[in-house]
Protein chains: 2
Amino acid sequence: MATHYADGMKSQENAGIDAVLIRRPKLSNLIADDLRRGIARERLKPGDRLPNERTLAARYGCAKGTVREALKALEVQGLVKMQTGPMGGAEIQPVSVEAATQQLRTYLHFLDLNFEQVYAVRRTVEVTLAESVIGRLSEDQLARLEANIEACEQARLRGDRVEARRAELDFHDILCEACENQLLVFICRFINGLLRDLVEFRSARYEHHDAFGRHNANSHRALVDAYRRGDREAVIALMGEHMHCAERFMRELDATFTSGFLG
Amino acid sequence: MATHYADGMKSQENAGIDAVLIRRPKLSNLIADDLRRGIARERLKPGDRLPNERTLAARYGCAKGTVREALKALEVQGLVKMQTGPMGGAEIQPVSVEAATQQLRTYLHFLDLNFEQVYAVRRTVEVTLAESVIGRLSEDQLARLEANIEACEQARLRGDRVEARRAELDFHDILCEACENQLLVFICRFINGLLRDLVEFRSARYEHHDAFGRHNANSHRALVDAYRRGDREAVIALMGEHMHCAERFMRELDATFTSGFLG
DNA sequence: CTAGATTTGTTCGTATGTATC
DNA sequence: TGATACATACGAACAAATCTA
């Protein structure tokens, strides 16, 4: 494949960069910065696409791999999403909760969080959430809550513990959909994500999982029932007790890790 | 150019991945996830280094460029810093709360948050925080709480409303210092930051500010007194009432977070 | 100060998977 | 079904930075 750009230009550009900057930053970072500025300058909106990698490499007079690293930086920041195929490339993304939570998760991952601490928060905010959606759940949402309970039961009967736990957390995410308070929703969803991560890497004995699964099914069923009746007192009491029991189970999870990561 | 790797092996690997996963995630993302987990699992501290690129490529059975993309993701997230030369490579960086909150704030910037919604959360988490630090406040921290109350009073008497509000929030940040639960601390500090940003841009009538300042001084004084006595019931009741009153005042500002804040 | 060793940074060529037409 | 366009990935080589002797 012929190089469409002139090698002489490459040298010129690099010489120029070297002359201006005392210590040359990584080329991929310079390109990433320029792309960010370009996106802002051109007022690119979600759905717009950047030029493809080959074009960008030609524009900046560098190799594909360098452009790829720059695009990777934008992708991690949630600014763009890469797609393959024709009309693929880097597509501008809307500001998403995903990017925000990802950073938070890695931050908290290093702060030795245990279940007790997570539940000290969850126990209160989930009750607040539960109360806030009383009378706001649509028939479709109620139906999906009931369908979720059924899905959890099936996962439990299959013996798929991790999937059962994850599906049970989906129940609470459905409640979030009916809540207007976006800050509360963010915190609840974020904590649900934390718990999803944690159950992935910790395991407990089967009896615990099975008992927990049955408890969750009962609690969730009673909650849906209380929501249908619009019974505020019952919703608050049920969610409070549900959180209390969930915390007790979670604390029984085995926290031992097997490693050998850095050999 | 001869391909030194066996085509058969590559196909086998890909077939395996395709069989398990509906849509194959990018290999560099899988590696990045694994590295993140590994860093947390091995409790790597700032200053520790990851294996070099060649070793990682060998471990994951992939090319160097793929490993580089994964490392780039960690670098963008502020988890590691790349360095050239001997003893170079990916060095673990201290996790900064700044990086985590920045993304979150730009996300919340697009949401229609109002005082009622913020206080629906703050009302509960501040009480949880208040309870969690009972018996854990050092004499130095108690002294600083008292000094803070005095500073707030002086700001109020000077008529410096914004400074008074900001200083009053410092009171709650001092409480955070004594709390072990880092998730709870993060949420409380983040909300305090939201409120600090807001008082910059909103002002109410003087009577409101003055009455609020006097209320805060009384509440904070009573709280410190209850902490010194180790009176759990009083702490919980006082902080609950304090939040209730604070919310009422803040709602008189009748402002939303959407306009102007976070410029 | 120089020379060598180590490790990231960058490039080029190539091959493969994947989405669109 | 095939052709096309694009990202994804591999591998070899060299350049640049940085530490040590």
Side-chain angles (χ1 to χ4, degrees), chain A residues 1-11 13-15 17-19 21-32 49-75 80-91, chain B residues 1-32 49-76 80-91:
Chain A
M1 181 65 69
T3 57
H4 293 116
Y5 50 83
D7 279 359
M9 194 182 97
K10 273 170 56 186
S11 302
E13 275 192 351
N14 287 338
I17 291 174
D18 283 336
L21 300 166
I22 284 69
R23 176 170 161 177
R24 165 152 56 103
K26 282 194 280 192
L27 183 52
S28 60
N29 285 345
L30 293 177
I31 295 174
R49 284 194 308 279
L50 263 44
N52 67 36
E53 291 183 352
R54 193 179 63 81
T55 306
L56 289 175
R59 169 183 305 175
Y60 293 108
C62 69
K64 254 181 338 187
T66 308
V67 166
R68 279 184 65 77
E69 285 195 23
L71 291 173
K72 183 80 187 177
L74 301 193
E75 191 181 21
V80 303
K81 182 170 176 288
M82 304 302 295
Q83 275 182 336
T84 62
M87 289 301 164
E91 182 180 324
Chain B
M1 183 67 67
T3 57
H4 292 117
Y5 52 84
D7 281 359
M9 194 184 99
K10 274 173 57 184
S11 300
Q12 263 187 351
E13 276 190 351
N14 289 338
I17 291 174
D18 283 339
V20 173
L21 300 166
I22 286 60
R23 177 169 167 176
R24 165 160 37 117
K26 281 195 281 192
L27 185 52
S28 61
N29 284 344
L30 294 178
I31 294 174
R49 284 192 307 279
L50 261 45
N52 67 34
E53 294 179 352
R54 192 177 55 82
T55 306
L56 289 175
R59 168 181 306 173
Y60 292 110
C62 69
K64 205 179 76 156
T66 308
V67 166
R68 282 185 60 78
E69 283 196 28
L71 291 173
K72 183 79 185 177
L74 301 193
E75 191 182 22
V76 170
V80 302
K81 183 168 174 291
M82 304 302 295
Q83 276 182 336
T84 62
M87 290 297 138
E91 181 180 325

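Residue numbers start from 1 in every chain, and the chains themselves are labelled A, B, ... in the order their sequence lines are given, proteins ahead of strands.
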Walk me through whether B:Lys72 and A:Arg68 qualify under side chain to side chain contact (heavy atoms under 4.5 Å, CB included). CA-CA 10 Å; B:Lys72 183 79 185 177; A:Arg68 279 184 65 77; over 6 Å; no

Checking side chain to side chain contact (heavy atoms under 4.5 Å, CB included) for the pair B:Met82/A:Lys26: CA distance, chi angles, key distance, verdict? CA-CA 10 Å; B:Met82 304 302 295; A:Lys26 282 194 280 192; 3.9 Å; yes

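- As judged by a 4.0 angstrom heavy-atom cut-off over every strand, B:Gly65 is placed among residues making no nucleic acid contact.
- For B:Met82 and D:dA16, the CE to P distance is 19 Å, given to the nearest whole Å.
- Between B:Arg68 and C:dT8 there is no side-chain N or O to OP1 or OP2 distance below 4.0 Å.
- The side chain of A:Pro86 sits closest to C:dT20 out of C:dT7, C:dT20, D:dT8.
- For the pair B:Thr66 and D:dC10, the criterion of a side-chain N or O lying under 4.0 Å from OP1 or OP2 is met.
- With distances taken from any side-chain atom of A:Thr84 to the nucleotides C:dT10, D:dC19, C:dG17, the minimum falls on C:dG17.
- Comparing B:Lys64 and B:Glu69, the nucleotide of DNA chain D nearest to each residue sits closer to the 5' end for B:Glu69.
- The residue among A:Gly85 and A:Val67 whose nearest nucleotide of DNA chain C is located toward the 5' end is A:Val67.
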Please determine whether side chain to side chain contact (heavy atoms under 4.5 Å, CB included) holds for the pair B:Glu75 and A:Glu69, giving the CA-CA distance in whole Å, both sets of side-chain angles, and the decisive distance to 0.1 Å. CA-CA 11 Å; B:Glu75 191 182 22; A:Glu69 285 195 23; over 6 Å; no

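- Considering only side-chain atoms of A:Lys26, the nucleotide from D:dC10, C:dT7, C:dG9 that sits closest is C:dG9.
- Contact between the side-chain N/O atoms of A:Ser28 and the OP1/OP2 oxygens of C:dG9 is not found at any separation under 4.0 Å.
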